[in-house]
Amino acid sequence: MTQPVSPPRSGTGKMTPASEPPAWRTLLFRADVRTFSLLGVLAALIVIGGITKPDAFLDTRNLQLVLTQASVIGVVTVGMTFVIISGGIDLSVGAIVALASVWATTVATQEYGFTGILFTAVIVGVGCGLVNGVLIAYGGMVPFIATLAMLASARGLALLITDGKTQIVTIDGVLNLSERDAYVLGIPPLVLVFAVVTIIGWLVLNRTTFGRRTVAVGGNAEAARLAGIDVRRQRLYLYLLSGLCCGIAAFLLIALSGSGQNTNGNLYELDAIAAAIIGGTLLSGGRGTIIGSVLGVLIFTTITNIFALNNLQSDVQQIAKGAIIVAAVLVQRRTASTTT
């Protein structure tokens with residue numbers, strides 16, 4: 001007679017089913033399902049756009065426009081994704097974009113040409129991120145309150161600088177970035193910048209200790225501290241990263257619109273948070289993907305484009321966005337409940 005084979009045991013002595021897959025494989029499977037689901041939604045939207053307005057929506061220039069518009073908010077969303085994964089939030093990204101855009105387009109700044117505008121936009125974004133990071137990481141302020149204060153302050157300062165007027169860009173090097181002559185193999189330069197930021201963001205999150213520390217802080221800050229991670233410094237770096245992305249986005253917006261306005265970046269914070277959420281980033285922190293967030297941006301931008309081409313009212317568009325956000329959060333909660 002054959003001896004019965006006992007089930008394998010884990011290192012803790014607990015019984016482990018032989019058919020149970022490793023945890024990393026389960027997480028990878030969920031990420032793949034989420035990504036393919038988002039791709040399916042995006043494909044469905046493209047089909048809808050192609051059916052409702054085939055000549056306009058599928059036109060090459062319109063598709064280039066969709067990607068270009070997605071580039072600005074997309075860069076902001078990359079930074080926001082890192083912040084949310086760490087368990088934080090940044091409500092000031094839209095206001096920072098506005099402040100950076102108007103500060104970089106003043107007459108005094110434009111005297112320094114292309115480099116002056118780019119440098120000013122980036123340094124203003126990083127400076128605002130530094131203030132947020134210091135208040136949150138070392139001042140002990142709740143991220144919601146600190147970034148809300150930055151939102152109000154940056155909007156006010158942007159209005160003060162412009163006096164409510166639009167600042168026109170006169171530097172050809174900046175304006176030419178949005179011209180078709182500057183396209184590389186039919187791809188707008190702004191889209192290329194977005195692609196580079198996305199790739200770098202993915203590599204940092206998935207292939208560096210910085211990314212692993214970000215996930216650890218968002219998953220359990222106290223456990224991360226006990227493991228030797230400087231949680232406060234990590235949070236400071238994350239808000240610096242968010243500010244950097246806002247500065248880059250401000251420069252892209254300047255090149256796209258040819259101007260700086262205190263109304264720039266309106267509701268960017270909501271769009272970036274929404275894109276990250278439907279992309280699979282948990283608001284509670286500890287999990288998120290750059291690819292998912294980028295797909296979220298493309299989905300929202302495509303929805304906006306389809307509504308505009310079909311002359312549908314913006315209030316219906318906002319309702320549709322709200323429904324998508326609610327559905328994404330419900331899916332997240334269902335997924336979380338099934339894993340516990």
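We number each residue from 1, following the sequence as shown.
- Side-chain atoms of Thr109 do not come within 3.5 Å of backbone N or O of Thr105 as any donor-acceptor pair.
- The side chain to side chain contact (heavy atoms under 4.5 Å, CB included) test with Phe251 is passed by exactly one of Leu190, Leu177, Leu256, Val75: Leu177.
- Follow the hydrophobic side-chain contacts under 4.5 Å out from Val76 and you never reach Val66; the two are in separate clusters.
- The hydrophobic clustering, which links ILVMFWY residues whose side-chain heavy atoms are closer than 4.5 Å, places Val191 and Leu253 together.
- Val204 meets the side-chain contact (heavy atoms from CB on, under 4.5 Å) test with Phe82, Ile200, Thr208, Phe210; sequence neighbours excluded.
- Around atom CZ of Arg61, no more than 12 heavy atoms belonging to other residues, nucleotides or ligands sit under 6.0 Å away.
- A donor-acceptor contact shorter than 3.5 Å links the side chain of Gln64 to the backbone of Gly186.
- Grouping the Ile, Leu, Val, Met, Phe, Trp and Tyr side chains by contacts below 4.5 angstrom, directly or via other members, places Ile273 with Phe300.
- Under the side chain to side chain contact (heavy atoms under 4.5 Å, CB included) rule, Cys246 has a single partner from Val97, Val126, Val122, which is Val97.
- A donor-acceptor pair under 3.5 Å is formed between the side chain of Arg155 and the backbone N or O of Asn262.
- When all heavy atoms are compared, the tightest approach of Val83 to Asp90 is CG1-N, 4.2 Å.
- Without hydrogens or angle criteria, Asp59 side chain to Asp55 main chain gives no donor-acceptor distance under 3.5 Å.
- For the residue pair Asn305/Asn62, the side-chain donor-acceptor check at 3.5 Å is satisfied.
- Residues Leu67 and Leu309 share a single hydrophobic cluster, defined by chaining ILVMFWY side chains whose heavy atoms lie under 4.5 Å apart.
- Donor-acceptor pairing under 3.5 Å is lacking for the side chains of Asn132 and Thr147.
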